[in-house]
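Positions are given from 1, in the same order as the sequence printed here. One-based numbering, in listed order, for ligands and for the atoms of each. Worth knowing before you read on, the calculation uses all heavy atoms, side chains too, and leaves out hydrogens, waters and symmetry mates.
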Amino acid sequence: MGKDKLRKWAENETFNHVFEPCLQEAVKGVESEMKGRWAKQVFKNDNPITIELGCGKGEYTVGLARQYPHRNFVGVDIKGHRFWRGAKTAKEESLPNVAFLRTRLEFIEMYFGSDEVSEVWLTFSDPQPKDEKGTKRITSPVYIERYKKILKTGSLINVKTDSVLLYDLSKEGYVEAGYKFLYDSQDVYGELVSRVPQDLKNALEIVTYYEKRWLSEGKKIHFIQLEV
Ligand SMILES: C[S@@+](CC[C@H](N)C(=O)[O-])C[C@H]1O[C@@H](n2cnc3c(N)ncnc32)[C@H](O)[C@@H]1O
């Protein structure tokens, strides 16, 4: 085990805004005590909650929290050493509207109540090319239906990716499921940012760790926004 990972896991344990519940409880079907209580217990307000799923280092969680001080943001990932970066930055900047949750997205409804979340961001998720049924691709309708259990009606789901495969497979599934598209673009920086409202432009211009890599290789960034 790398010393760096151990150091980050240990530091996560000292953060009040990092939650790492026992995954086995969720596997057994035991709901988390946080379910339905994020606003009151964690953020101590009634502001709407956005979640970043498969958040990696949590660039969207932290970036959006800076842009929207009157909203709350939770980054979710199974790898705590990755979101340590976002958690550390949130602490350094004293951002009160940021939290991180370590779990698998398969169990997301164990941690949030119905109607508890208002928006989802999924950025540069693994395309899972062999996953024909969409049971591993966290942008697939299988997952969207899971996320809908914790989303208010009319919530936004934002999918940003470099992967043509993930974009095509996700879009095909969304069309089949009859989801409502608000935006659909195969070139975020080439054409989309010039035709969206300023707040969405600001959000789209947050660049994640993986995005930096794909941009340096000259890849075009794709985006879909659904209302569910
Ligand atoms: C390719 S990385 C993208 C990270 C970040 N969104 C970015 O743009 O830099 C995918 C992330 O999703 C997480 N992930 C993938 N499947 C997951 C699942 N089922 N549950 C929780 N996290 C998952 C991985 O641990 C990883 O950090």
Side-chain angles (χ1 to χ4, degrees), residues 1-2 4-5 8-9 12 18-27 32 34 50-65 73-90 98-112 117 119-150 156-167 169-170 173 188-189 203-217 219-225:
M1 187 60 60
D4 202 41
K5 267 190 195 170
K8 290 173 179 172
W9 288 339
N12 275 350
V18 167
F19 300 89
E20 302 186 293
C22 170
L23 186 59
Q24 282 315 310
E25 293 294 302
V27 174
S32 165
M34 326 214 15
T50 294
I51 54 177
E52 182 190 9
L53 301 177
C55 68
K57 293 174 189 263
E59 287 92 341
Y60 263 80
T61 301
V62 171
L64 290 170
F73 297 87
V74 185
V76 186
D77 203 292
I78 190 58
K79 297 195 173 158
H81 62 277
R82 289 214 176 138
F83 66 56
W84 165 87
R85 180 60 270 168
K88 180 92 173 163
T89 303
V98 169
F100 286 91
L101 168 66
R102 193 177 84 77
T103 194
R104 295 198 65 84
L105 300 176
E106 288 75 0
F107 304 106
I108 196 74
E109 68 256 41
M110 295 293 171
Y111 303 96
F112 294 91
V117 177
E119 185 164 4
V120 171
W121 279 85
L122 290 146
T123 61
F124 302 90
S125 311
D126 303 307
Q128 304 283 359
K130 293 185 187 152
D131 179 25
E132 283 175 19
K133 293 183 181 155
T135 52
K136 292 190 184 136
R137 192 177 319 102
I138 63 176
T139 61
S140 79
V142 173
Y143 280 82
I144 302 289
E145 288 304 309
R146 201 167 270 150
Y147 307 149
K148 275 170 71 178
K149 292 184 186 156
I150 61 169
L156 302 179
I157 297 187
N158 302 281
V159 178
K160 190 182 183 195
T161 183
D162 63 293
S163 164
V164 176
L165 182 78
L166 181 136
Y167 169 82
L169 288 175
S170 304
V188 166
Y189 302 111
L204 285 167
E205 287 177 345
I206 296 170
V207 176
T208 76
Y209 174 77
Y210 278 88
E211 180 170 7
K212 263 185 213 132
R213 191 198 284 184
W214 306 134
L215 286 173
S216 73
E217 290 182 13
K219 290 191 175 176
K220 286 209 164 68
I221 306 304
H222 297 49
F223 178 73
I224 292 174
Q225 186 183 65

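Between the side chain of Tyr60 and the main chain of Ala203, a donor-acceptor pair closer than 3.5 Å is present.
By the 6.0 Å contact criterion, OH on Tyr209 is open, its count of non-hydrogen atoms from other residues, nucleotides or ligands being 12 or less.
If you run side chain to side chain contact (heavy atoms under 4.5 Å, CB included) between Leu122 and each of Asn158, Ile51, Ile157, only Ile157 comes through.
Closest approach of Lys133 to Val142, counting heavy atoms only: O-CG2, 3.4 Å.
Lys5 meets the salt bridge (Lys or Arg N to Asp or Glu O under 4.0 Å) test with no other residue; sequence neighbours excluded.
Ion pair Asp131/Lys136 not flagged as a salt bridge, since none of the NZ, NE, NH1 or NH2 atoms sits closer than 4.0 Å to an Asp/Glu carboxylate oxygen.
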Pairwise, report which nitrogen or oxygen atoms of ligand 1 are under 3.5 angstrom from protein nitrogen or oxygen atoms, and how far apart they are.
| residue | atom | partner | partner atom | Å |
| --- | --- | --- | --- | --- |
| ligand 1 | 6 (N) | Gly54 | O | 2.9 |
| ligand 1 | 6 (N) | Thr123 | O | 2.8 |
| ligand 1 | 6 (N) | Thr123 | OG1 | 2.9 |
| ligand 1 | 8 (O) | Thr123 | O | 3.4 |
| ligand 1 | 8 (O) | Thr123 | OG1 | 3.3 |
| ligand 1 | 8 (O) | Thr208 | OG1 | 2.7 |
| ligand 1 | 9 (O) | Thr208 | OG1 | 3.2 |
| ligand 1 | 9 (O) | Tyr210 | N | 3.3 |
| ligand 1 | 19 (N) | Arg104 | NH2 | 3.4 |
| ligand 1 | 19 (N) | Glu106 | OE1 | 3.1 |
| ligand 1 | 19 (N) | Glu106 | OE2 | 3.3 |
| ligand 1 | 20 (N) | Leu105 | N | 3.0 |
| ligand 1 | 22 (N) | Ile78 | N | 3.4 |
| ligand 1 | 25 (O) | Asp77 | OD1 | 2.6 |
| ligand 1 | 27 (O) | Asp77 | OD1 | 3.3 |
| ligand 1 | 27 (O) | Asp77 | OD2 | 2.7 |
| ligand 1 | 27 (O) | Arg82 | NH1 | 2.8 |

